[in-house]
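First the structure, in the form of structure tokens, and then the observations on it.
When a ligand or atom number is given, it counts from 1 through the structure's own listing order. What you are looking at is a predicted structure, and each value in this text was computed from that prediction instead of being measured.
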Amino acid sequence: MKNFTTLKDISNLSELIKEAILLKMNPFEYSEIGKHKTLVMLFFNSSLRTRLSTEKAAKNLGMDVMILNVNDAWNLEFEDGTIMNFDKSEHIKEAAQVISQYADVIAVRAFPTLTDKAKDEGEVILNSFKKYATVPIVNMESATAHPLQALADAITISELTEKKTPKVVLSWAPHPKALPQAVANSFVKMMQDLDVDFTITHPKGYELNSKITKNSPINYNQEDALKDADFVYVKNWSSYNDYGKVLNQDNNWMMTKAKLGNAKFMHCLPVRRNIVVEDAVLDSDQSVVIKQANNRTFAAQVVLKQILEDL
Ligand SMILES: CCC[C@H](NC(=O)CCC(=O)O)C(=O)O
Ligand SMILES: NC(=O)OP(=O)(O)O
């Protein structure tokens, strides 16, 4: 594996999931493979799970890890040809090459603007690192994708399903802020690659990019969509078509025990209790969010292992 920036970088999903589960059973089996190799993790935005699980994954493989909150360094310019006489001190061309000298692998988190759709869809930050860095790049959530989360989600469903083809529902839920579509996008793409009966449910106006949802069924009636679900994945996202807007905060879309039926509840975390999902769900044995978050380590570890093997 060269880079891990989108789910397209996965050559064999079922094998990757199996390998991740084996790593989970014996996390230090390959603790020599990363010896004298350095992972540099760059955060343009906040994180708890991604930061800690990816560092743990790297260290399980024997890697050294350096972490930089990029906003603590110089303000970076990403446009070519800019006369840099304003608030940007360094161009990505220099920054990416310099960091590449300190790193064997660079991981980047950079959320969308949610105001400039072209810039976000163009994945300017992530693709600038891919263009100017001279080492492999790992996406720790970019403007339109969160592949490490989606891989952990797939591992979780594969481990916990009691059926060959479980019914999986992605349900929108309200949130006080405008959030990215990245997690939802990658989950949709991942479910399209798994043997699941997949449905998306959200209010009108929250359609995700149709180039991603393709022919996955969309049901505007949440209750109907949730019928007989085995896994319910809840996530808020802001409008794609009315880009970055919060059109609806209807708390009738909050996930409740009554709606959940016998399904397992999934969420990438962090989650707003009693806005996105009621306490009773999170505090029940139907919630698998803690197991799901644990699988972030092994999603990152199997990706880093495959990148290290191809260095
Ligand atoms: C893994 C999720 C990261 C991010 N979530 C948030 O920004 C939540 C922020 C909040 O609830 O204040 C998102 O929705 O993409
Ligand atoms: N799920 C996830 O990526 O969590 P963090 O934003 O805490 O990294």
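- For ligand 2, the protein residues placed under 4.0 Å by at least one non-hydrogen atom are Ser47, Leu48, Arg49, Thr50, Arg109, His146, Gln149, Cys268, Leu269, Arg296.
- Ring orientation note: the planes of Phe265 and His267 are close to parallel, at an angle under 30° on the 30°/60° scale.
- A donor-acceptor contact shorter than 3.5 Å links the side chain of Arg109 to the backbone of Ser46.
- Considering backbone and side-chain atoms alike, His146 places every N or O at 3.5 Å or more from each N or O of ligand 1.
- Salt bridge present: Glu159 and Lys24 bring a charged side-chain N and a carboxylate O closer than 4.0 Å.
- Comparing Lys235, Arg272, Met140 by heavy-atom distance to atom 10 (C) of ligand 1, the nearest is Arg272.
- Under the 3.5 Å distance criterion, the side-chain polar atoms of Gln301 are left unmatched by any main-chain donor or acceptor of Lys56.
- In terms of the ring pair (Phe, Tyr, Trp, His ring centres under 6.0 Å) criterion, residue partners of Tyr233 (sequence neighbours excluded) are, by chain and number, Phe187.
- A salt bridge does not link Glu141 with Arg49: none of the charged nitrogens is closer than 4.0 Å to a carboxylate oxygen.
- Those atoms of ligand 1 with a heavy atom of Glu141 less than 4.0 angstrom away are 1 (C), 2 (C), 3 (C), 13 (C), 15 (O).
- A salt bridge between Lys59 and Glu55 is present, with a side-chain N of the basic residue lying under 4.0 Å from a carboxylate O of the acidic one.
- Look at Asn45 and you'll find every heavy atom at least 4.0 Å from all atoms of ligand 1.
- The shortest N or O to N or O distance between Asn236 and ligand 1 is not under 3.5 Å.
- Under the 4.5 Å side-chain heavy-atom criterion for grouping Ile, Leu, Val, Met, Phe, Trp and Tyr, Leu269 is connected to Val276 within one hydrophobic cluster.
- Remark: ligand 1 atoms within the under-4.0 Å shell around heavy atoms of Lys177 are 9 (C), 10 (C), 12 (O).
- Taking every non-hydrogen atom of Pro180 and a distance limit under 4.0 Å, the qualifying atoms of ligand 1 come out as 13 (C), 14 (O), 15 (O).
- Taking every non-hydrogen atom of Leu179 and a distance limit under 4.0 Å, the qualifying atoms of ligand 1 come out as 6 (C), 7 (O), 8 (C), 14 (O).
- In this structure, NZ on Lys88 lies 14.0 Å from CD1 on Ile83, to the nearest 0.5 angstrom.
- Across Leu208, Ile200, Leu170, a single residue satisfies side-chain contact (heavy atoms from CB on, under 4.5 Å) together with Ser216, and that is Ile200.
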